[in-house]
Amino acid sequence: MEIITVNPRGFCKGVVKAIMIAKETAKQYPNQKITILGELVHNRYVVDALKDYRIESIESKDQTRFDLLDQVNEGIVIFSAHGISSNVVEKAKRKGLITVDASCEDVISTQNLIHTYLDQEYTILYIGQENHPEAEAICDINRERIHFIKDFDAINALDVNSDKIFVTNQTTMSILEIKDMLNSIKDKYPQAVISDEICNATRTRQEAILKLEDIDCLIVIGDPKSNNTKMLAKIGTNKGIENVYLVETVAGLLDKNLAQFNRVAITAGASTPSYLVNQVIAYCNAIKDNLDPIEAINSVKIFI
Ligand code: SF4
């Protein structure tokens, strides 16, 4: 069995920065309650590790960030890497909370672009994942003039009558799927101005999978809530890799017969801590070399 560790993989600059901001906030406000609205990044091992810094996250899949804020009545509120809308920021300020913004610069850049086109009277078509906080923050900018598109059915159902249409997307979509969706919109609205906003971290991680050759198993490590993680697995499947395993940790591989494969590739989503990836690499190497896999996993140092 040959093991290929895909590069780049794991933490992106936006996630590194968000974690750094959260830790710095804990240092700066040692006596204040600190709450993250939602999950700082989509990985529960990061969320759990932040509890050691007195930082709590509040999340509910049925509640928007605006509504979640009702649960925060004192101290500091940190906005996650996925971006935040001005409505939520203003509400936090009205409540007398100290706000800290850990939004990724790439997300802010897409928000700024949308503001620019809204100012010029464009109608916005935004492709994203339903109920994702990044999409929620974008749509919150202007719910009347931003049309949310989650799939091809939504494109078919569009009924926009305007010369000024601007089309863009969530930063963590699949590079293959977004191309087809943007083309489909361009066919329907040839006048549309299009800007593909998939971020560099998402793009390069997906391209690295597309470049792989003769792989019979791809292991993707990441949280099932992480869109970029899910897209890595999807790209692997679309590329025709027969066995794609999306696992949160090495525990998800224990019932798999990895020894049957010739070439196993390992990658990880942009919010997956390195130690979870290192555990998987150590486990696969132990299987390859006929060593004790559990001992190999336990030898990996845990850190965020
Ligand atoms: Fe930013 Fe992209 Fe990382 Fe999301 S995946 S935090 S948009 S760099």
Side-chain angles (χ1 to χ4, degrees), residues 1-16 18-19 39 41-46 81-82 104 106 129 132 170-179 198-288 293 296-297 300-304:
M1 180 171 92
E2 193 183 342
I3 296 162
I4 295 98
T5 50
V6 182
N7 276 309
R9 64 172 183 275
F11 274 5
C12 62
K13 61 169 187 170
V15 167
V16 170
I19 293 173
E39 294 186 347
V41 300
H42 278 152
N43 189 283
R44 71 185 170 104
Y45 293 87
V46 174
H82 313 100
C104 173
D106 289 2
Q129 190 203 10
H132 192 281
Q170 194 173 319
T171 53
T172 52
M173 304 300 282
S174 149
I175 52 175
L176 300 180
E177 201 171 73
I178 208 72
K179 200 167 155 219
I198 289 182
C199 72
N200 197 44
T202 297
R203 185 176 301 281
T204 51
R205 279 156 185 69
Q206 293 182 8
E207 284 171 348
I209 293 177
L210 290 174
K211 282 183 200 147
L212 292 171
E213 283 174 9
D214 301 326
I215 297 294
D216 46 6
C217 173
L218 172 69
I219 299 169
V220 181
I221 309 141
D223 193 296
K225 282 192 294 303
S226 159
N227 201 49
N228 77 76
T229 299
K230 284 188 288 190
M231 293 304 128
L232 290 176
K234 199 170 185 181
I235 290 271
T237 305
N238 289 349
K239 182 184 161 64
I241 298 174
E242 264 179 49
N243 303 280
V244 177
Y245 299 141
L246 198 172
V247 295
E248 264 191 283
T249 70
V250 69
L253 294 171
L254 300 182
D255 64 347
K256 308 278 188 283
N257 177 14
L258 297 181
Q260 68 179 306
F261 301 122
N262 292 319
R263 279 167 57 83
V264 175
I266 301 171
T267 188
S271 48
T272 308
S274 299
Y275 81 88
L276 294 177
V277 184
N278 293 341
Q279 286 178 336
V280 169
I281 295 171
Y283 176 74
C284 291
N285 276 321
I287 289 176
K288 175 172 74 91
I297 294 169
V300 173
K301 191 169 170 249
I302 296 177
F303 66 96
I304 298 268

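Sequence positions, counted from 1, serve as the residue numbers for this chain.
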Which pair of heavy atoms, one from [X] and one from [Y], lies closest together, and at what distance?
| X | Y | result |
| --- | --- | --- |
| Ala286 | Pro293 | CB-CA, 3.7 Å |
| Pro8 | Thr204 | CG-OG1, 3.6 Å |
| Ala201 | Cys12 | CB-CB, 3.5 Å |
| Tyr45 | Thr249 | OH-CG2, 3.3 Å |
| Ile198 | Gln170 | CG1-O, 4.2 Å |
| Ala208 | Val6 | CB-CG1, 3.5 Å |

Pairing residues for Lys256 by the salt bridge (Lys or Arg N to Asp or Glu O under 4.0 Å) criterion, not counting sequence neighbours | none

Set of residues satisfying side chain to side chain contact (heavy atoms under 4.5 Å, CB included) with respect to Ala18, sequence neighbours excluded | Leu40, Val41, Ala81, Ala102

Please list, chain by chain and in numerical order, all residues satisfying side chain to side chain contact (heavy atoms under 4.5 Å, CB included) with Cys217, sequence neighbours excluded.
-> Ile219, Asn243, Tyr245, Leu258, Phe261, Val264

Say you draw a straight line from [atom1] of [X] to [atom2] of [Y]; how long is it, rounded to the nearest 0.5 Å?
| X | Y | atom1 | atom2 | answer |
| --- | --- | --- | --- | --- |
| Asn200 | Asp106 | CG | CG | 7.5 Å |
| Thr272 | Leu232 | OG1 | CG | 8.5 Å |
| Ile215 | Ile266 | CD1 | CD1 | 10.0 Å |
| Gln206 | Lys234 | CD | NZ | 10.0 Å |
| Glu2 | Arg263 | CD | CZ | 4.5 Å |
| Leu210 | Leu176 | CG | CG | 5.5 Å |

Are more than 12 heavy atoms from other residues, nucleotides or ligands located less than 6.0 Å from atom NZ of Lys230?
-> yes

Look only at the side chain of [X] and the backbone of [Y], and say whether a donor-acceptor pair between them is shorter than 3.5 Å.
| X | Y | result |
| --- | --- | --- |
| Glu177 | Ser174 | no |
| Asn228 | Ala270 | yes |
| Thr229 | Lys225 | no |
| Arg205 | Gly10 | yes |

Tell me, please, which residues at least two apart from Asn227 pass side-chain hydrogen bond (donor to acceptor under 3.5 Å, both in side chains).
-> Thr172

With a 4.5 Å limit on heavy-atom distance, are the side chains of [X] and [Y] in contact?
| X | Y | answer |
| --- | --- | --- |
| Pro224 | Leu246 | no |
| Lys13 | Val16 | no |
| Leu212 | Lys239 | yes |

Salt bridge (Lys or Arg N to Asp or Glu O under 4.0 Å): which pairs involve residues 240-252, sequence neighbours left out?
-> Arg44-Glu248

Sequence neighbours left out, what pairs pass salt bridge (Lys or Arg N to Asp or Glu O under 4.0 Å) with at least one residue falling in residues 209-220?
-> none

Between Tyr275 and Phe303, how do the two ring planes meet: parallel, tilted or perpendicular, split at 30° and 60°?
-> tilted

Can Met231 and Thr202 be said to form a side chain to side chain contact (heavy atoms under 4.5 Å, CB included), step by step?
-> CA-CA 9 Å; Met231 293 304 128; Thr202 297; 5.7 Å; no

Would you sort out whether Asn43 and Val15 count as a side chain to side chain contact (heavy atoms under 4.5 Å, CB included), showing the intermediate values?
-> CA-CA 10 Å; Asn43 189 283; Val15 167; over 6 Å; no

